[in-house]
Number of protein chains: 4
Amino acid sequence: MSRFAEPQDPVFRRLNSSIAFDWRLGPYDVEQSVAHARMLAAQGIIAPSDRDALLVALEQVRGELEAGTFPFHEEDEDVHMAIERRVTEIAGPAGGRLHTARSRNDQVATDLAMFTRAHAGEAVAGTGRLMAVLVDLAGRHLDWVAPGYTHLQRAQPVYLAHHLLAWFWMIERDRRRFAAVTLAADRLPLGAGALAGVNFAIDRELVARELGFARLAENSIDAVSNRDFALDYLAAAATCATHLSRIGAELVLWSSEEFGFCEVADAWASGSSIMPQKKNPDAAELLRAKAPRIAGHLVALHGVMHALPLTYNKDLQEDKEHLFDAVDTIELCLAATAGMLAGIAFRRERLAEAAADEFLAATDVADLLVRRGMPFREAHGVVAGLVRAAVDSGRALSELPLTEVRERSELLDDEYYAVLRSASWLESKVSRGGTAVARVREQLDRARDALDAEPSGG
Amino acid sequence: MSRFAEPQDPVFRRLNSSIAFDWRLGPYDVEQSVAHARMLAAQGIIAPSDRDALLVALEQVRGELEAGTFPFHEEDEDVHMAIERRVTEIAGPAGGRLHTARSRNDQVATDLAMFTRAHAGEAVAGTGRLMAVLVDLAGRHLDWVAPGYTHLQRAQPVYLAHHLLAWFWMIERDRRRFAAVTLAADRLPLGAGALAGVNFAIDRELVARELGFARLAENSIDAVSNRDFALDYLAAAATCATHLSRIGAELVLWSSEEFGFCEVADAWASGSSIMPQKKNPDAAELLRAKAPRIAGHLVALHGVMHALPLTYNKDLQEDKEHLFDAVDTIELCLAATAGMLAGIAFRRERLAEAAADEFLAATDVADLLVRRGMPFREAHGVVAGLVRAAVDSGRALSELPLTEVRERSELLDDEYYAVLRSASWLESKVSRGGTAVARVREQLDRARDALDAEPSGG
Amino acid sequence: MSRFAEPQDPVFRRLNSSIAFDWRLGPYDVEQSVAHARMLAAQGIIAPSDRDALLVALEQVRGELEAGTFPFHEEDEDVHMAIERRVTEIAGPAGGRLHTARSRNDQVATDLAMFTRAHAGEAVAGTGRLMAVLVDLAGRHLDWVAPGYTHLQRAQPVYLAHHLLAWFWMIERDRRRFAAVTLAADRLPLGAGALAGVNFAIDRELVARELGFARLAENSIDAVSNRDFALDYLAAAATCATHLSRIGAELVLWSSEEFGFCEVADAWASGSSIMPQKKNPDAAELLRAKAPRIAGHLVALHGVMHALPLTYNKDLQEDKEHLFDAVDTIELCLAATAGMLAGIAFRRERLAEAAADEFLAATDVADLLVRRGMPFREAHGVVAGLVRAAVDSGRALSELPLTEVRERSELLDDEYYAVLRSASWLESKVSRGGTAVARVREQLDRARDALDAEPSGG
Amino acid sequence: MSRFAEPQDPVFRRLNSSIAFDWRLGPYDVEQSVAHARMLAAQGIIAPSDRDALLVALEQVRGELEAGTFPFHEEDEDVHMAIERRVTEIAGPAGGRLHTARSRNDQVATDLAMFTRAHAGEAVAGTGRLMAVLVDLAGRHLDWVAPGYTHLQRAQPVYLAHHLLAWFWMIERDRRRFAAVTLAADRLPLGAGALAGVNFAIDRELVARELGFARLAENSIDAVSNRDFALDYLAAAATCATHLSRIGAELVLWSSEEFGFCEVADAWASGSSIMPQKKNPDAAELLRAKAPRIAGHLVALHGVMHALPLTYNKDLQEDKEHLFDAVDTIELCLAATAGMLAGIAFRRERLAEAAADEFLAATDVADLLVRRGMPFREAHGVVAGLVRAAVDSGRALSELPLTEVRERSELLDDEYYAVLRSASWLESKVSRGGTAVARVREQLDRARDALDAEPSGG
């Protein structure tokens, strides 16, 4: 019996009901209830026979949810009510004991923490799979020469593996962030009741152990008001999606006829409804477009929490759809990136051609002058003069005769031309983390180590 | 036959496919195709018999979509392909002529513009319904005295109708904004082809007339790249939702025991899973929580469009879910606000009691001094002194004896006590737009006029 | 005299004070005060001599603000207090009468509306100047052939003017939006007092006329609570900035060695600190990067307004910095875009070369089949087969012998080769808004008309 | 000498120059250059005499920056160029050697990482100071009875300390997050050069040690492209600001006449320009309004990074202002919250009065029935009936006679009335983390331990 005289307005029901999305919490809700029922019996709060009836009913519900045969009703407002109703249908009056020493407030916070922890773990795995693809890809393109860009202008040549490993380290940081989220979601809210704790001598540690929570939420008011772990997940996912958008943007660019550095497999491209010649890198474009979606969810959940008085407010129902869609999006995007990259074909000669641009050796000419004693700033000016002379007269740097070169600086001699031959450019970048092939090889080893390491969440 | 040798990867299909959400464009797509087929025949590009076959098939598709019997297939990538496939099943080879002189790029832009225009119109209607509820509510609470707040501190008394009409004008601006969106979406993209126009002498004006577009998109490149109308809708919806969040926040506040100014109907409240005494204003809380959701969609679509080279890119597929969810959310929120307010009960005595706080007359005492010749700043200081004396000694302003009052200023006399009697406070606010009851009555008339006026979109 | 016993905490002062940014409202505050003082005297609320003293003092303040000699004090909390203080220093006790029948709440709302209206007008002018540059640029590159892209893949050739005019129409919509903002900010708040109106028989219409407001805010509560016009400005600016980011992104792309379609003038590029050969399109990159900044301000102001009870709350102080920075950013970006484009050099041969890619005629071959009676879908399949045959064998479409071509369809003959010659591709796009040169010429005329038209704000 | 023939356009200079904000990096830039110069000499890349000249000059620059006497020039584009110019003025030609084996790309990334790490550390300290204030405040209000709310409806009584500790744990998580940021910023970018590493045998480990970086960025391309640490800071700051907005919102609410639970000190309040009686909790309101500002910066920086190809692009210049403003905002807000709370006065009797509402014991009556064997759901229904009977007849629950009570359930007896006496409600919440005073005392001890613990960043 409710204290209300009137039934709910249909528009209100539509606004208020969460069953259309929170059904996803079903399996977590069952798992939680199993642990809760066991603890209630262990503490003597319910009888063993009630516990047994509850466990049988919950097991059946779990099966129905998995099989897709769970009978949702029109009047089920949320998944928690639906499951309790169903448990009562199966277990009879014992079903009414399941909600003892529990409130929907701590119940939903617990389900959501479990969901977040599970999917943060899934994202750790998904980033790991992408890291593995990248390590493999880098290993297969170790000494392929490619142009490096700043401002989308060719700047200095690098090995393709070096560029692919730059992607690797971005994703490695993402994995670390998702691992930290699993820790952020490891404090058990259950036992906080509506907000003040419960009237029974429950054993929260026992429940925590059963459900895999490392710690307890220390304050019942905070426990039902807190959604930090969801924000943490969204922040990690937004940064990861931003990384994927950068990878996607480069793949779109490199797939253009103008760059021509790679071709995605047919299985990852689509055609045009009217232009039969087109092979469009749709997956890469969508990686680009999904990042703002997750950032939008993040800013929206910040907005939901903004200025919200403690403790539980209905506003908190708006945490779920943002989180769920972000989870689905990032998991799909990680899988798509891994799949697309696993089958991508790079075009060695196009990369080498773009990297052979002689102007890319300009810094190296300046450094030659430095090694011969000229201050860097002055050397930079000398080479700028050479570049301008070359550009203005439509010649390559190596086409400037030595006499003209030496007018700029007496320190230059035939080694000027030697430096302009490309192999030397790459191999002279010997600083740790640089592009000399020995350095890239070392880096690849470090990447393999990082891949194998357990992400610490630190 | 596709130019691709491999089938699409299942993960790619999942990322790439839009049928799970763009089925909503189905009715618009059919309407567009009807107009397109008629025009093609009118221009002699297809035969009358082909047109007739197409129209029959499209009519059947329309019926199937309405009845929910349209046979979607696994391999339908988007609603446009699904409908064309179905038309061809029904009409035979003639179905293959439907895409003549059209590309998916201009087709989808046209569907989306039609969708946006229709739902902007629906929002105009929805805001109008809420405005009508507010006008009615204001009319029924014309001279109920209520406290007005600044900084959530009681500041000056007002009539409740005056406050309700403040809500009215917010929504009136929203209606104006949605009306402007209908104009922003009134330029026909169709005829732009993939990006450069089409190879046929089509008649875009004819199609525009049939579909209710007032104008043509003037540039084919822009036509397929442009989603401004969706941004405009989202901006209008975000501001409207922000307004509703302010109304929601006030209703939550006013429903608290501490304020006690109103009670939502049972049909718009919910109870607690463990606290039987609770009557929670969930609908008002959800109004509060939905605003960041729409602002999130707005910022996300800005993000999708950010730095996107022309013309069509697959990224644009990410326009739809943001728009669709915003449409559903704002339409539901507008209906919920109207429904909740239609049945709300205000508590006259609680409002009056809160408005009777004597300190609310402080400005009026200062203005009394001004009318007697004291500069306002000085008068403000005199009254601040009186307030401090009263607060420090735990007395009301009217409990200060005249001698003590006159120590602050000789200009004060018995009228000081008269001013402190509350009726005078309200009725002295005679400036246009102020809270004197005659002014509120005039304002109510203006509100009724505004409600009846056709929103111009200006 | 304040009612408070303690001085403000320095940290609180730092948080609370707005003088560090709201000094920008100074000129508007003076203008408003002039109109207010005149009205007070006209209504007999202050004496003519007081008015005259106020006007003299205000005139002096205006001069001091313009000259940068206005003496700001440590304890000035905001610009309104600073000006009133200074007026009182100059005018003596009459200065204390300036705040009669006015509150800081309606005062600041009025200043901000004036500021918004003025800068929306400035943005109308700035977009207009950019439109003029684009019309001129399009006129100078009318028949330059360029590739059109979808998915960043070459799709169909267009004239460069056609692409430049696509930019034009984006900015034209922006101008329209800014014009609408001037209307959104044309309702005078002044006279609303703190929230309830004022105790004096003021003449708001008179003030509105003097300050150039077309209408009055109809409700005093709404007048001091409303910041819609600032949201409207930010929404318009965010969309405009998003457009500029798309232009910037294309210029970055086109400036790359790979595309090589344009070169920004030296005056709009910068070099590298260590790579003397670099010419970086920094301005174009910054256009790209500034759009999220303005979108961030928009979502932030939505956040500030979110769930805010009426009427004035201190939170509203957070409207200014978002608005001011958006104004500065968009005005600078518009000027930079116009300046950079005015001096840009396109490279005709590189554009033509990219547009000569024969695959770009694939649609046109399909349309040839359509004109000969084949349904479009079937034609699309035939041409897809030809493309695949060409790609697989490393030949151009025109290198396929007629016998091989006719194996795909008997409807093909020598016109197949004719269609593959590029001029025909462009000139066959005869639909209105298409790229045929006659159509582009018409479009340019329409653009010139649009440029000259007064933006209606509709 | 530059390779450019024309001087920069003034509008471009204004857009491009960052000196107006990046001067804040000055001290970090000097510190970095000192370490860089020492390393160059240690590796034999520059002469000891050049090193000494550089160190003397850098020391002078450091002093000038601290004293505010550093001579910025019109043509200084950024702080790095300004410092190098100044060093050269002081040190002569040796100044030109400072940029050896370094690029502005790795230099600016290093400065920014140093800045981020330093201010993350400052935020750790600031959150710690606030935690200390909260622990002290909780200790001083340990057994003050206060109402706990859900849906802003009184739900269950709690001790005020319990509520204050809920705030504590929010901030404790923030401290942990900021500590994690210090780790995210502990990889040295320097040595990455422009993007590919440098041509000299530098010792990055040496530089890292001098500058306090724990690790090296492993990939030079990633090192100059990565701004994750700035995103991490902004995410931590946004969540912290959201927490402060919740505290601020509650203080605004509690400062209202209706709630009347607290009063901020005069030093933390402000008055009204026309209402002398007002005492406004401006600081609390501004806490509320600042959260969206930081969330706006976060979403903006995500936007800047969105789809950005590697490596350095000028867009990255847009990282600084977002970060700097977030740093200033959160540091000020933390200090303001601590200051305001340190001086706040709670009103014991108003809190107790609100907590004495008898309906708050409804759950406890239901739990009494549960302890007597009734399933919870049934008990909930019984009490709902009692509540409705009381509300409908205007009586308190304890005013219902026992006969009427027992009509609802035979399990009820005199203990029903005992439960309704308030002390028992609080003390029965014995679950860990609950509000029984012994539990709160334990929690306070845990909070003190947490405060003293070094935040691990985990």
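- For a residue to count as touching a neighbouring chain, one of its non-hydrogen atoms must lie under 4.5 Å from one of that chain's; by this rule His322(B) touches chain A with the side chain only.
- Note that CZ of Phe12(A) is 10.5 Å distant from CG of Asp266(B), once rounded to the nearest 0.5 Å.
- With a threshold of 4.5 angstrom between heavy atoms, Ala269(A) approaches chain B through its backbone and through its side chain.
- The part of Glu321(A) that comes within reach of chain B is its side chain, from C-beta onward, which places non-hydrogen atoms under 4.5 angstrom from that chain.
- Looking at Ala295(A), neither its backbone nor its side chain comes within 4.5 Å of chain B, counting heavy atoms on both sides.
- For chain A, no part of Ile294(B) is nearby; none of its heavy atoms comes within less than 4.5 Å.
- Here NZ of Lys290(A) is found 10.5 Å from CG of Asp315(B). Values are rounded to the nearest 0.5 Å.
- With a 4.5 Å cut-off on non-hydrogen atoms, Leu298(A) does not touch chain B at all.
- Put simply, of Pro292(A), Pro309(A), Ala336(A), Cys333(A), the one with the most heavy-atom pairs under 4.5 Å next to chain B is Pro292(A).
- Residue contact with chain B, scored on non-hydrogen atoms closer than 4.5 Å, involves the backbone and the side chain of Gln8(A) alike.
- Between His297(B) and His297(A), the angle of the ring planes goes over 60°, which puts this pair in the perpendicular group of the 30/60° scheme.
- When every heavy atom of Pro7(B) is checked against every heavy atom of Ala267(A), the shortest pair comes out as O-CB, 3.2 Å.
- Ala307(B) does not touch chain A: none of its heavy atoms, backbone or side chain, sits under 4.5 Å away.
- How far NZ of Lys314(A) is from CZ of Arg288(B): 12.5 Å, rounded to the nearest 0.5 Å.
- For the pair Ala300(B) and Gly296(A), the tightest heavy-atom approach, listed with the atom from each and the gap, is CB-CA, 4.5 Å.
- For the atom pair CG (Leu15(B)) and CG (Asp282(A)), the distance works out to 9.0 Å, reported to the nearest 0.5 Å.
- Here the closest heavy-atom approach between residue Ser270(A) and residue Asn16(B) is recorded as CB-ND2, 4.2 Å.
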